[in-house]
Every structure is written in C-alpha cells, then in structure tokens.
Amino acid sequence: MGDKGAGNHSDVTDFILVGFRVRPEFHSLFFLLFLLVYGMVLLGNISMMAIIVTDSQLNTPMYFFLGNLSFIDLSYSTIIAPKAMVNFLSEKKIVSFAGCVAQLFFFTLFIVTEGFVLAAMAYDRFIAICNPLLYGVHMSRHLCTQMVAGSYFCGWVSSILQASITFSASFCASRVIDHFYCDSYQIEKISCSSLFVNKIVSFSLAAFIILPTIVVIVVSYVYIVTTVLKIPSSKGRKKAFSTCSSHLGVVSLLYGTVSFVYLIPPSNPELRKVASVFYILVTPMLNPLIYSLRNKDVKQALRKILWRRKALS
C-alpha cells in the first residue's frame, strides 16, 4: 500500500514509523543507546521488585506502591523500546495497524496508571508525616490495594477512550507517523477526519482523570511542607523531608519531562522525539536508582540479599 489513497481506517493495514531523522549510519548507535538504557530499566526495576517481594521488612504501604511503580515503569518502557530498536536496524520501519492500536492502548494505560500511583504515594507520605499516629489505621492493606486497583481502572478507562477515538478516524492522506512509536498526536496529524471530538475527549481526560492526580500531589505536599516547617529541630525537619524526597524526585522527573514534551512547538518534531525518550526510558531507568540510593531500607535489604548470596556461595 502506498502512502496515499487510503480511504478510511479499515483500509489501513500498517503504518510507517519515521523514527529519528538522522543519517543511516547513526541508526546502529541509536540501537546501542536504546539497548543500554533499556537493559538498565530491566535490571533496575526487576531488582527493585525482587527486593520488595523478598524482604519482609519492606512489607509496608510505601513499598507496596513502589513495587507497582517499578512494574509500571518496566511495562511502558517494554511497550515502546523493543519495537523502536527493531526499527533502528530495519529498512522497512513498519508497525501493523493492530500493533499500533495495542502500543497506544497499553502505553496510555500504564502512563496514566503511573500518575495515579504517584498520587497515592503522595497521599501515603502525607499521612505518614502529618498523621503518623494514625498511619496504620489510614493506610491499611485493603485501602492500598483499592488505591492501586483504582489507578489501573482509571488507566483502562483512559486507554480505551484514547485508543478508540484516535483510531476511529480516517487516514486518507498518509500512513507515515513522524515518531518512533505510535503517538496519538502524530497519528491524529495524518488523519483527514474532523478532530473536534478527539480534542473534547483529550480535554475531558485531562480535566477529569489526569488533573486530579496533580491536585492530590500538590495539596499533599503543601500540607507536608507546612507540617515539616513546624518541627522545632532541624534534625527532625531533615528526617521528615528525607522520607518523601525520593518520591518528590520521581514526580518531578515524570511530570517535568512529559510537560516539556507538550510545551515544545509542533514545528520541532525531532526535539519532541528526544524529549519523549526521557519519560519513556530515562525516567524508568532513574526511578529505581533514586529510591535505592536515597533510601536506607532498600539499601539495607539489598545488602542482606547480597550477604545471603555470598554466604551460600
């Protein structure tokens, strides 16, 4: 099928992912870079999940959320990175229509779920710092499970709406997606349908699903900062802040990079692609490092695992 003349979405059997517009000899370099970073994503997040599962002392709400965060990071990177690496080494950078739908669906599912899990973690830190005596009552295992399940439910709702409205359009102008993965914005650019409904759905998702997570995080940290500043000793303030600094770093990384991508002018698609790499690969790579390097419990659990392995060898 050529790039022109597709009558509607049912006539399109595949799309072409342009990827990065660089000279062909750089494709191998990009493949190696993606492979290196993706390998670190796998190692870091699988290790974090293994540490949390094997160490009984980490059986707390914060680490329950952190284990889910590592799973989500690993999942949405895996949805994008392997296909991108294959395309770096392939002349025909093609993704099937069904594959493109699946990629957008699952990427939206996990990226939205991550926003809600980060909001749940912010609430967890708020209770731990502002109401420490009632922490065990408020943050029960049942509530934490409900919060994570609710996060996935909101992710499913978002992904169903986003994928269905994006691929209900007609593609009569081109099947070339100017990105290294199936990005909804770039898919809508090659549609010849009216995008009015798409914009309404996107605005609704932002207003009713994505925006509340940001509000919960901001409000939680306003209360946290207010409470911490009332602590008389500097040592006490430092200790209180240290319990939420890792989470704040992860939140800043994700929302900072995502916001940067959507603030870049559409006239500069290559910069948008580079920025996308940060929240698809770099952020999931850094998150386990942030929690392991700044968290005494994780470092202690890792030392115990290494000590046991050394004793058995």
Side-chain angles (χ1 to χ4, degrees), residues 40-41 44-45 47-49 51-52 55-73 111 113-141 143-144 147-148 151 210-260 278-279 282-305:
M40 294 179 70
V41 170
N45 287 286
S47 298
M48 182 63 72
M49 287 186 287
I51 291 169
I52 292 170
D55 195 302
S56 59
Q57 289 188 343
L58 301 183
N59 187 22
T60 63
M62 183 176 78
Y63 294 107
F64 174 69
F65 292 130
L66 180 56
N68 279 277
L69 182 68
S70 292
F71 172 74
I72 293 166
D73 281 343
I111 201 73
T113 301
E114 175 150 332
F116 278 91
V117 170
L118 288 173
M121 293 174 78
Y123 178 75
D124 172 74
R125 293 299 85 202
F126 158 71
I127 297 296
I129 293 173
C130 300
N131 296 284
L133 297 179
L134 297 176
Y135 182 75
V137 176
H138 284 299
M139 299 304 297
S140 66
R141 185 74 177 187
L143 175 62
C144 293
M147 292 172 79
V148 170
S151 299
I210 299 173
L211 184 61
T213 66
I214 300 173
V215 171
V216 169
I217 292 170
V218 171
V219 171
S220 294
Y221 273 100
V222 168
Y223 277 101
I224 288 170
V225 171
T226 303
T227 301
V228 170
L229 291 177
K230 292 179 181 178
I231 298 175
S233 68
S234 59
K235 185 178 179 180
R237 289 194 296 270
K238 185 178 179 181
K239 184 178 179 181
F241 270 127
S242 67
T243 65
C244 57
S245 59
S246 297
H247 174 261
L248 192 57
V250 169
V251 169
S252 301
L253 265 176
L254 179 67
Y255 282 101
T257 52
V258 170
S259 300
F260 181 69
F278 277 84
Y279 69 78
V282 177
T283 298
M285 177 189 70
L286 292 177
N287 285 353
L289 291 175
I290 291 172
Y291 272 100
S292 60
L293 293 176
R294 297 185 60 85
N295 191 296
K296 290 191 297 184
D297 293 334
V298 173
K299 287 190 285 188
Q300 185 178 358
L302 182 59
R303 279 195 294 267
K304 284 197 294 185
I305 292 172

Got [X] and [Y] here, is their nearest side-chain heavy-atom distance under 4.5 Å?
X: Leu69; Y: Leu118; value: yes
X: Thr257; Y: Val282; value: no
X: Tyr291; Y: Val250; value: yes

Which pair of non-hydrogen atoms, one from [X] and one from [Y], has the smallest distance, and what is that distance?
X: Ala122; Y: Ser220; result: O-CB, 3.7 Å
X: Ser242; Y: Ser245; result: O-OG, 3.3 Å
X: Met49; Y: Gly67; result: CG-O, 3.7 Å
X: Asp55; Y: Gln57; result: OD1-N, 2.8 Å

To the nearest 0.5 Å, how far apart are [atom1] in [X] and [atom2] in [Y]?
X: Met121; Y: Leu248; atom1: CE; atom2: CG; answer: 11.5 Å
X: Leu66; Y: Leu58; atom1: CG; atom2: CG; answer: 9.0 Å
X: Met139; Y: Phe64; atom1: CE; atom2: CZ; answer: 10.0 Å
X: Ile111; Y: Leu254; atom1: CD1; atom2: CG; answer: 5.0 Å
X: Lys238; Y: Ile231; atom1: NZ; atom2: CD1; answer: 14.0 Å

Which residues share a side-chain contact (heavy atoms from CB on, under 4.5 Å) with [X], sequence neighbours left out:
X: Ile129; value: Ile224, Thr227, Val228, Thr243, Cys244
X: Ser234; value: Arg237
X: Ser140; value: His142, Leu143
X: Val137; value: none

- Message: Strictly by ring pair (Phe, Tyr, Trp, His ring centres under 6.0 Å), give each pair with a member in residues 234-256 just once, sequence neighbours left out.
- Response: Tyr221-His247

- Task: Scan residues 113-126 for pairs that pass side-chain hydrogen bond (donor to acceptor under 3.5 Å, both in side chains), counting only residues two or more places apart or in two chains.
- Result: Asp124-Tyr135

- Task: Among residues two or more places apart or on two chains, list those pairs meeting side-chain hydrogen bond (donor to acceptor under 3.5 Å, both in side chains) that have a residue in residues 60-72.
- Result: Tyr63-Asn295, Tyr63-Asp297

- Message: With a sphere of 6.0 Å drawn around CE of Met40, does it hold more than 12 non-hydrogen atoms of other residues, nucleotides or ligands?
- Response: no

- Measure from the side-chain N and O atoms of Thr213 to the backbone N and O of Ile210, and report whether any donor-acceptor pair falls under 3.5 Å. yes

- For Asn59, all residues meeting side-chain hydrogen bond (donor to acceptor under 3.5 Å, both in side chains), sequence neighbours excluded: Arg141

- side-chain contact (heavy atoms from CB on, under 4.5 Å) evaluation trace for Asn131 with Phe126: CA-CA 8 Å; Asn131 296 284; Phe126 158 71; 4.2 Å; yes

